[in-house]
J.: 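The structure under discussion is supplied below as structure tokens; questions concerning it will follow.
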Amino acid sequence: MKHRRFGRIGWQISEIGFGAWAVGGEWGTVDDEQSIAAMKRALELGVNFFDTADVYGDGRSERLLGRLRRETKVPFHVATKAGRRLTPHVAGGYNKENLTAFVERSLKNIGVESLELIQLHCPPTDTYYRPETFAAMDELVKAGKIQHYGVSVERVEEGLKAMEFPNVASIQIIFNMFRQRPAERFLAEAQRRGVATIIRVPLASGMLTGKLTAASKFPSDDHRNYNRHGEVFDVGETFSGVPYEAGLQAVEELKALVPAGATLAQLALRWILMFDGVSTIIPGGKNSRQVADNCGASALPALTDQQMKSVRAVYDRHIRGSVHQRW
Ligand SMILES: NC(=O)c1ccc[n+]([C@@H]2O[C@H](COP(=O)([O-])OP(=O)(O)OC[C@H]3O[C@@H](n4cnc5c(N)ncnc54)[C@H](OP(=O)(O)O)[C@@H]3O)[C@@H](O)[C@H]2O)c1
């Protein structure tokens, strides 16, 4: 496993991390023993960065990370998120009182005295125009409740605006072979400012593994069933916002680019690693097999110019029109 510097915080972070949404919920039934085994496998393979949120399984994902901490001596970093417990989910809710309460709950769930990194969880765009929210985060740092804070964003411009707050240490964003706009300006700007980037939804919710077909069915408690058209949260979080059939067509063409001995998932992750502004990628892992497959991407050789051009051509042909200017 190779490591990268985590922005100005300076941690040495595995370039493949672990996204802990699915082990909490909203991806069909999960089993805690299988989830813990997958997380331990990730540690064995050199992963030292886990992303979670207070709402993943209403705390289940955070509590699993607390359990992981108790059951192993291997050091690792945890980044959690706050804000999505607000109802209604409005910018004004990101105030000192609410943020303090969310932080206290996450401290208990994870079982630590201070959170290493907490991210505002895709707050409404107006939040980035409320300096008082960021001042409240600064106060939580001063109080020792959190060590660093960042934001998770839906849109490139939200990320660029968030970076103007000097203590925003990390930005989490969707970036993958189906979501290429962050490569234009966002990644270079984050790098220039020493802001770490956490890349989520790298496999377009599993589509970029090549295992899905037109006949694939998802359980009723899986967002790939109930959020395909953005019914519950931003549609960009489900299949990266790509219309299902167009995604399948693109995947068929991408399969031809997979190097011998590698998998499409590994190609998808290695493509992301081609960009220097990427600090870490957090593929969601539900079991040890998926984790091992995803970690294997770190060992793949760099893609050639020709492979990069071919991926771009597939994007331009099938994806760009429905995705590029939306986020
Ligand atoms: N708003 C936010 O801040 C936000 C939103 C979304 C995600 N995230 C974070 O980003 C992480 C990653 O995003 P994501 O989980 O939405 O999407 P993803 O990483 O693109 O897809 C993950 C899903 O793909 C399948 N999968 C993963 N690796 C595989 C492999 N090697 N082979 C076959 N299938 C594989 C698994 O589901 P199945 O086995 O069921 O197919 C897994 O749950 C999340 O866990 C979360 O930590 C944050």
Side-chain angles (χ1 to χ4, degrees), residues 16-31 34-35 38-39 41-42 45 47 49-57 61-62 64-65 78-84 89 117-124 150-155 158-159 170-179 197-213 216-219 221-225 227 232-242 247 251 262-270 272 280-297 327:
I16 306 291
F18 187 106
W21 179 15
V23 297
E26 294 184 281
W27 290 79
T29 305
V30 278
D31 168 66
Q34 180 173 301
S35 300
M39 291 167 154
R41 184 80 186 115
L45 292 168
V47 168
F49 185 83
F50 291 76
D51 177 78
T52 181
D54 55 358
V55 286
Y56 295 165
S61 173
E62 287 187 330
L64 276 170
L65 283 162
V78 174
T80 191
K81 307 188 200 79
R84 287 277 157 173
H89 181 238
L117 177 64
I118 185 161
Q119 307 153 88
L120 304 182
H121 199 164
C122 290
V151 298
S152 182
V153 301
E154 300 288 8
R155 301 170 177 155
E158 291 169 342
S170 65
I171 304 215
Q172 183 176 137
I173 195 165
I174 300 181
F175 176 52
N176 61 42
M177 296 199 293
F178 284 176
R179 182 71 77 86
T197 61
I198 301 168
I199 305 304
R200 75 168 181 271
V201 196
L203 301 172
S205 313
M207 187 170 263
L208 284 170
T209 66
K211 70 179 180 183
L212 303 182
T213 68
S216 295
K217 291 267 181 290
F218 301 95
D221 57 348
D222 187 322
H223 70 99
R224 292 170 293 186
N225 176 320
N227 195 53
V232 179
F233 44 81
D234 192 295
V235 67
E237 305 295 347
T238 303
F239 301 125
S240 201
V242 170
V251 161
T263 63
L264 182 58
Q266 291 172 343
L267 174 75
L269 298 173
R270 190 65 185 86
I272 297 168
T280 187
I281 313 179
I282 47 165
K286 279 175 132 175
N287 56 51
S288 302
R289 190 196 56 73
Q290 290 180 354
V291 166
D293 185 19
N294 297 339
C295 287
W327 291 277

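Residue numbers count from 1 along this sequence. Counting convention: from 1, in listed order, for ligands and their atoms alike.
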J.: For ligand 1, is there an N or O atom under 3.5 Å from any N or O atom of T52?
T.: no

J.: State, without any angle test, whether D54 and T80 hold a side-chain donor-acceptor pair at a distance under 3.5 Å.
T.: no

J.: So, E26 side chain and G57 main chain: donor-acceptor pair closer than 3.5 Å or not?
T.: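 The answer is no, because no donor-acceptor pair under 3.5 Å joins these two groups.
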
J.: Using a 4.0 Å cutoff against the non-hydrogen atoms of D51, which atoms of ligand 1 qualify?
T.: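 Within the 4.0 Å cut-off of D51, ligand 1 contributes 9 (C), 46 (C), 47 (O).
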
J.: Look at atom 44 (C) of ligand 1 and say which protein heavy atom is nearest, naming residue and atom and giving the distance to 0.1 Å.
T.: W21 CB, 3.6 Å

J.: Which protein heavy atom lies closest to atom 5 (C) of ligand 1, and at what distance to 0.1 Å?
T.: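 Answer for atom 5 (C) of ligand 1: E237 OE1, 3.0 Å.
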
J.: Measure the distance from atom 4 (C) of ligand 1 to every protein heavy atom, then report the residue, atom name and distance (to 0.1 Å) of the closest one.
T.: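 Residue, atom and distance for the closest contact: R200 CD, 3.1 Å.
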
J.: To the nearest 0.1 Å, how far is atom 36 (C) of ligand 1 from its closest protein heavy atom, and which atom is that?
T.: Q290 OE1, 3.5 Å

J.: Could you find the nearest protein heavy atom to atom 20 (O) of ligand 1 and give me its residue, atom name and distance?
T.: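 Nearest neighbour among protein heavy atoms for atom 20 (O) of ligand 1, to 0.1 Å: L203 N, 2.8 Å.
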
J.: Out of K211, Q266, K286, who gets a non-hydrogen atom closest to atom 25 (C) of ligand 1?
T.: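 That would be K211.
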
J.: With the side chain counted from C-beta on, respond yes when N225 and P219 share a heavy-atom pair under 4.5 Å apart, and no when they do not.
T.: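 With C-beta onward as the side chain, the pair stays apart.
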
J.: Provide, to 0.1 Å, the distance between atom 3 (O) of ligand 1 and the closest protein heavy atom, together with that atom's residue and name.
T.: S152 OG, 2.7 Å

J.: So which bit of A204 gets within less than 4.0 Å of ligand 1, heavy atoms only: side chain, backbone, both or neither?
T.: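 It is the backbone that gets close, since no side chain atom is under 4.0 Å.
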
J.: What protein heavy atom is closest to atom 28 (N) of ligand 1, reported as residue, atom name and distance in Å?
T.: N294 ND2, 3.1 Å

J.: May I ask whether A20 has any heavy atom positioned less than 4.0 angstrom from an atom of ligand 1?
T.: yes

J.: Can you tell me the protein heavy atom closest to atom 11 (C) of ligand 1 and the distance?
T.: I282 O, 3.2 Å

J.: Identify the residue among R200, R84, H121 that makes a side-chain hydrogen bond (donor to acceptor under 3.5 Å, both in side chains) with S152.
T.: R200

J.: Side chains of D51 and Q172: any donor to acceptor distance under 3.5 Å?
T.: yes

J.: How far does CH2 of W327 sit from CZ of R155, to the nearest 0.5 angstrom?
T.: 9.5 Å

J.: Counting only heavy atoms, tell me which of G284, G296, A38 gets closest to atom 27 (C) of ligand 1.
T.: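 The option holding the nearest heavy atom is G284.
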
J.: Any N or O on D222 sitting closer than 3.5 Å to an N or O of ligand 1?
T.: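 Between D222 and ligand 1 (N or O atoms, distance only) the closest approach is not under 3.5 Å.
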
J.: Only one of I282, I173, I174 clears side chain to side chain contact (heavy atoms under 4.5 Å, CB included) with I199; which?
T.: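 By the side chain to side chain contact (heavy atoms under 4.5 Å, CB included) criterion, I199 pairs with just one of I282, I173, I174: I173.
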
J.: Between the main-chain N or O of F239 and the side-chain N or O of S205, is there a donor-acceptor pair closer than 3.5 Å?
T.: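 Side chain of S205 to backbone of F239: a pair is present.
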
J.: Take the angle between the ring planes of W27 and W21 and call it parallel below 30°, perpendicular above 60°, tilted in between.
T.: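 W27 and W21: perpendicular rings.
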
J.: Of Y56, F178, F233, W27, which has the heavy atom at the shortest distance from atom 16 (O) of ligand 1?
T.: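 Looking at heavy atoms only, W27 sits closest to atom 16 (O) of ligand 1.
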
J.: Return the minimal non-hydrogen interatomic distance between P283 and I16, and the atom names on each side.
T.: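 Looks like CG-CG2, 3.9 Å.
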
J.: Can you list the ligand 1 atoms lying under 4.0 Å from a non-hydrogen atom of R224?
T.: 37 (O), 38 (P), 40 (O), 41 (O)

J.: Mind checking whether V201 has an N or O less than 3.5 Å away from an N or O of ligand 1?
T.: yes

J.: Let me confirm one number: the CG-OG1 distance from D222 to T29, rounded to the nearest 0.5 Å.
T.: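 Here the interatomic distance stands at 9.5 Å.
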
